[in-house]
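The block underneath contains the structure these notes are about, expressed in structure tokens.
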Amino acid sequence: MAVNLTELSLPQLEGLKTQLDQETEFLTSSIGQLKVVQTKYVEAKDSISVLNKDNAGKELLVPLTSSMYVPGTLNDVEHVLVDVGTGYYVEKNVEDTKEFFKRKIDFLTKQIEKIQPALQEKHAMKQAVIEVMNMKIQQLHTQQTPQSGTTKA
Amino acid sequence: MAEAIQKKLQSELEKYQQLQKDVSKSMSARQKLEAQLTENNIVKEELNLLDSENTVFKLIGPVLVKQDLDEAKATVSKRLEYINGEIQRYETLLKDLERKSDQHREVLTSLQQEYQRAQGRAAGKV
């Protein structure tokens with residue numbers, strides 16, 4: 001920013017601070033959301049490891065609701081249906097699915113890494129604004145009470 | 001004199017506020033389109049990675065319906081086209097609205113000054 005912070009008035013600084021507050025909040029929540037999604041993909045990738053040859057034909061309980069399960073056998077350990085977005089589901093084999101999740105996790109990591117520096121920058125700017133504000137307030141104080149200011153000095 | 005200006009100011013202000021509402025509405029619509037664009041782009045990339053061995057299903061209501069891979073690709077491409085068109089449309093709409101609200105702001109400030117002057121004159125008379 002080319003603008004010198006010390007040249008701004010207190011209300012202007014206040015406005016700038018609120019704006020920066022909003023921006024940092026937005027970026028923080030964006031990172032939070034990305035992390036939530038990323039965890040979901042990591043969990044999905046982990047749980048897919050159950051689908052291996054050793055477990056083929058084994059019995060398992062399928063949840064019909066969160067409190068009711070029916071017995072079943074694990075028939076197909078090679079294919080899964082993956083939601084790729086906008087209502088499209090694709091049948092993939094396990095290896096491809098692992099690749100798919102890895103791609104998604106990497107993508108999200110990249111997005112988070114893109115946001116992080118922006119957030120830090122906004123944070124630093126906010127700190128600078130707060131510092132200048134404090135300075136200005138102190139100046140105002142000493143101006144308003146010059147007597148006590150001089151005696152103290 | 002002052003009252004007439006005040007009335008005019010009021011109505012202009014209301015118009016301006018309506019305009020601002022329109023701006024924020026268009027803004028959020030544009031943002032939604034942007035999100036859809038991103039999602040569809042991701043889907044397109046995914047579909048491009050598939051070959052004829054993969055079966056594609058489309059979720060229609062609660063059921064999954066088998067769909068041709070090429071058909072799915074065509075649908076997504078068409079959707080992307082549509083979304084891009086819509087974004088363009090909103091872009092011009094927003095520009096137009098911004099120009100209008102700039103004009104309104106100018107009218108408002110001049111009216112405000114006029115009002116203050118009229119008030120000052122009225123106060124001077126009393």
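Letters A, B, ... are given to chains in the order of the sequence lines, protein chains preceding strands, and every chain is numbered from 1.
In this structure, CG on B:Asp51 lies 7.5 Å from CG on A:Asp96, to the nearest 0.5 angstrom.
In the hydrophobic cluster analysis, where Ile, Leu, Val, Met, Phe, Trp and Tyr join through side-chain heavy atoms closer than 4.5 angstrom, A:Phe101 is grouped together with A:Leu34. Hydrophobic clustering, with ILVMFWY side chains joined whenever heavy atoms are under 4.5 angstrom apart, keeps A:Leu27 apart from A:Leu16. Cluster annotation: A:Val62 is not connected to A:Leu81 through the hydrophobic network of ILVMFWY side chains, with a link wherever side-chain heavy atoms come within less than 4.5 Å.
Ranked by heavy-atom pairs under 4.5 Å with chain A, the first of B:Leu64, B:Leu47, B:Val65 is B:Leu64.
Within 6.0 Å of NZ on B:Lys58 lie more than 12 heavy atoms contributed by other residues, nucleotides or ligands. B:Gln119 CD: more than 12 foreign heavy atoms inside a 6.0 Å radius. The 12-atom threshold is exceeded at CD of B:Glu34, counting heavy atoms of other residues, nucleotides or ligands nearer than 6.0 Å.
With a 4.5 Å cut-off on side-chain heavy atoms, A:Lys92 and B:Leu50 count as touching.
For a residue to count as touching a neighbouring chain, one of its non-hydrogen atoms must lie under 4.5 Å from one of that chain's; by this rule B:Leu49 touches chain A with the side chain only. Residue B:Gln67 touches chain A through its side chain alone, counting heavy-atom pairs closer than 4.5 Å.
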Would B:Arg79 and A:Thr86 satisfy side-chain contact (heavy atoms from CB on, under 4.5 Å), going step by step from the backbone distance to the final call? CA-CA 11 Å; B:Arg79 231 189 276 168; A:Thr86 66; 3.2 Å; yes
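The nearest pair of heavy atoms linking A:Glu91 to B:Asn54 is O-ND2, 2.9 Å. Scanning all heavy atoms of the two residues, the minimum distance from B:Ile42 to A:Lys104 falls at CG2-NZ, 3.0 Å.
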